[in-house]
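What follows is one structure encoded as structure tokens, with my remarks underneath.
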Amino acid sequence: MPELPEMENYKNLLKEKIANHLITDVQINREKSININPDLFKKTVQHQRIIDIKRRGKHLLFQLQNEQRLLLHLMLGGWMFFGTESEKPKRTIQVRLSFGQNHLYFIGLRLGYLHLYSQTQIEKKLSDLGPEPFDPEFTVNEFLKRIGAKHGRLKTTLLDQSFIAGIGNCYSAEICFQAGIKPTKDIDDINDGDRSKLYNSMKNILQEGIKNGGYMDNPLFQEDMLTGGFNNRCQVYDREGQLCNRCGSTIVTEVISSRKTFYCPNCQK
Ligand SMILES: [Zn+2]
């Protein structure tokens, strides 16, 4: 599932492509991917300019001229492609937004969605989300305060979107690896020094993810060389049975909260 760096990467690249561009056509192939009557959706979105694109947690928000917003969550298996009809990947398209000859294709939107909301509705929808990792007000002290109120496995807390918004299975594993802490560890057993390390690793790893275009498999557009660059930089995620780049031990997995969790049993304490 795309996490903060993947969505931030999409946001940055899409801004260059479609910000201030007019949506010339809207095609809904799967009604379940949207939240209102398709005719009304089309009527509200078509002939609008996208004036801004923002990210909140794992969501993207497309801000329209008419004050309405499209709220995108790709969930598991969702991705996007931007380009002409001839460049389009041979995949089933659930929703298509057109910008003249170019189109933004929403692919694999099964669990994911593209919902239309007013600003007030959006605020309500996203009100349960925790702080953004790069919010200047989310300081190390704020992190220590928040994690101090938590118990149970570290991994479960890192995945909790009301604790911090935007972290999922891949980056939680990478953050714990960099901090040298086992994701299976109970929060009560992690001292303040290690908790501060987690905060710093969270920022480092997410920043590195963004810088390298996240881990999505498919490029966003034909000449896109950035998207997916983080894929081969993962130290533990999806590396079960491979050797740790830091100590040479074998990376193992354990299931926590029904998610596969990757770590090095030797250099993560
Ligand atoms: Zn190791």
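For ligands, and for the atoms within them, numbers begin at 1 and follow the listed sequence.
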May I have the list of side-chain donor-acceptor pairs in residues 110-120 shorter than 3.5 Å, sequence neighbours left out?
residue	atom	partner	partner atom	Å
H115	ND1	Y117	OH	3.1
S118	OG	Q121	N	3.2
S118	OG	Q121	OE1	3.3
Q119	OE1	R69	NE	2.4
Q119	OE1	R69	NH2	3.2
Q119	NE2	E123	OE2	2.7

Residue from K155, E174, K260 passing side chain to side chain donor-acceptor pair (under 3.5 Å) with N169:
K155

If we only look closer than 2.8 Å, how many protein N, O or S atoms does the Zn ion (ligand 1) have near it?
4

Centroid separation F262 to Y237 less than 6.0 Å
yes

Evaluate the criterion side-chain hydrogen bond (donor to acceptor under 3.5 Å, both in side chains) for residue pair E240 and T253; output intermediate values, then yes/no.
CA-CA 6 Å; E240 183 179 11; T253 61; 3.1 Å; yes

Side chains of residues 136-143: which donor-acceptor pairs under 3.5 Å do they make with residues two or more places apart or in other chains?
residue	atom	partner	partner atom	Å
T139	OG1	E142	N	3.2

Quick one: ring pair (Phe, Tyr, Trp, His ring centres under 6.0 Å) partners of Y105, sequence neighbours excluded?
H103

